[in-house]
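A quick write-up on the structure given underneath.
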2 protein chains.
Amino acid sequence: MTDTARKPRRNRKAEILDSAAQCFMERGYHATSIDDVAQRLGSTKGRVYHYYGSKTDLFFDVHRVGMQYLFDALDPALATPGNGATVLHAMLLAHATAMLDHHTYESVVAQGVQVHRFNATTPDQRQTMQDLIDSRDRFEDHFKRRIQAGIDDGSLHPTDVSVTAKVLLGGLQWSIFWYRPRASDTAETRRRLARKMVAPLMQGVHAAP
Amino acid sequence: MTDTARKPRRNRKAEILDSAAQCFMERGYHATSIDDVAQRLGSTKGRVYHYYGSKTDLFFDVHRVGMQYLFDALDPALATPGNGATVLHAMLLAHATAMLDHHTYESVVAQGVQVHRFNATTPDQRQTMQDLIDSRDRFEDHFKRRIQAGIDDGSLHPTDVSVTAKVLLGGLQWSIFWYRPRASDTAETRRRLARKMVAPLMQGVHAAP
DNA sequence: CGAAAAACATACTCATCGGTATGTTTCTGT
DNA sequence: ACAGAAACATACCGATGAGTATGTTTTTCG
């Protein structure tokens with residue numbers, strides 16, 4: 001009769017996290033109340049505060065998991081064999097796919113730590129905040145390094161590395177504003193869309209003369 | 001003695017608008033209080049509410065002016081002579097420049113009408129909201145049409161027009177997250193940065209074989 | 001000048017929301 | 001079975017902030 005133990009035990013925190021990510025995406029951090037997050041779970045405040053000490057902690061955890069998704073997707077691409085262009089292409093494709101697959105969490109990541117710049121956070125939260133900022137920087141650095149490597153080996157056009165990295169990533173990350181998953185969406189359809197997104201960035205729109 | 005009339009009369013609304021745009025950019029719409037907007041002007045609530053009926057109206061007006069800046073910059077580019085690629089390049093450059101020049105207002109535009117989706121707005125505000133949404137759509141349509149024209153005349157690579165437009169615009173608009181004007185910035189330095197942003201989008205990063 | 005209107009400032013109201021304190025139920029280990 | 005802890009629900013507190021009502025000053029105009 002272990003069947004009566006309906007509720008999965010360890011997933012409760014993840015449920016709260018998912019609910020929070022959904023709410024933060026739809027209404028934004030400040031417009032979301034803890035009651036909103038609880039109500040989406042068919043629950044009340046008590047449950048949320050049993051697992052998370054504050055709204056800030058909840059946001060930071062969504063942000064942290066969102067960044068983890070991005071790194072998890074990027075890591076295999078970093079190990080792709082080939083020249084700079086080949087690796088960069090794999091990285092962009094992996095990133096685009098991750099943005100679509102986890103667009104709820106990534107929407108929250110985009111809101112960023114900036115929403116807490118003016119909050120009087122605890123030292124502990126300040127540390128978490130700094131970790132998240134560092135995490136973002138390290139992510140972008142992966143792209144900058146690979147772009148530079150591609151320019152050096154002649155497989156990429158010489159450009160301003162920093163600006164190019166921001167523009168490329170921005171082009172993919174902007175999808176949080178227009179992509180809304182449909183019921184018919186599958187991992188494969190998202191992957192196809194990701195390829196359409198990456199194509200103009202790699203080859204450019206301008207047809208070579 | 002018209003000199004005693006120190007205060008410019010018609011600029012008061014614009015001052016409030018500028019202050020609101022700054023606050024909305026820095027802290028976000030919901031985290032900004034009307035007192036914040038007033039305090040930045042060395043003033044109080046009374047002044048703001050004398051010119052604007054509600055916080056929502058204030059936000060919508062910032063959004064409206066922000067879109068106007070974008071259209072004003074885009075219009076001349078639309079009239080550029082040349083093939084699809086030439087026109088698109090001019091459009092992207094104009095847009096990138098406008099994003100940097102008015103990055104305060106455009107940051108607010110990016111927050112979008114979405115922040116009011118859950119507000120019980122008045123019919124009047126609902127109309128304004130719809131106008132802003134339409135305005136955004138028309139803006140993107142300009143790019144989609146020009147990209148299609150470029151593909152038709154062979155000057156642009158064939159791609160998914162809708163996705164490409166969103167990716168290109170996203171690459172430029174993402175600058176609201178990383179661009180912060182320096183005291184040494186001039187119209188010329190911003191223009192140079194805009195060119196660096198547009199270059200990888202037009203020619204692509206991948207060096208042609 | 002003088003009266004009306006515009007342009008504010010000040011002082012309130014009231015709803016919302018983060019957080020807490022305190023119950024009540026459910027599980028867990030012995 | 002039963003103590004204790006975990007997992008919640010409920011009721012409350014205090015601060016914040018949008019909006020308003022009512023002053024007070026300044027400008028405008030006849």
For a quick test of reading the model: is some side-chain N or O of [X] closer than 4.0 Å to OP1 or OP2 of [N]?
X       : N     : answer
A:Arg12 : D:dA6 : no
A:His50 : D:dA7 : yes
A:Ser43 : D:dA9 : yes
A:Thr44 : D:dC8 : no
A:Tyr51 : D:dA6 : no

Parallel, tilted or perpendicular: ring planes of A:Tyr69 versus A:Tyr105, cut at 30 and 60 degrees = perpendicular
Parallel, tilted or perpendicular: ring planes of B:His95 versus B:Phe139, cut at 30 and 60 degrees | tilted
In whole Å, what is the span from the [atom1] atom of [X] to the [atom2] atom of [N]?
X       : N      : atom1 : atom2 : value
B:Ile34 : C:dT10 : CD1   : P     : 17 Å
A:Arg47 : D:dA6  : CZ    : C1'   : 14 Å
A:His30 : C:dC17 : NE2   : P     : 14 Å
A:Asp36 : C:dT16 : CG    : C1'   : 11 Å
A:Arg27 : C:dT16 : CZ    : P     : 13 Å
B:Lys45 : C:dC14 : NZ    : C1'   : 11 Å
A:Tyr52 : C:dT20 : OH    : C1'   : 20 Å
B:Lys13 : C:dA7  : NZ    : P     : 11 Å

If you measure from the Lys or Arg side-chain nitrogens to the Asp or Glu carboxylate oxygens, is any gap between B:Arg191 and B:Glu188 under 4.0 Å?
-> no
Look at all strands and tell whether B:Thr56 reaches a base, only sugar-phosphate, or nothing, counting heavy atoms closer than 4.0 Å.
-> nothing
Is it possible for you to check whether B:Lys166 lies under 6.0 Å from the centre of the six-membered ring of B:Phe143, through NZ or CZ, and within 45° of that ring's axis?
-> no
Heavy atoms of B:Met129 and B:Arg117 approach each other most closely as CE-CA, 4.5 Å
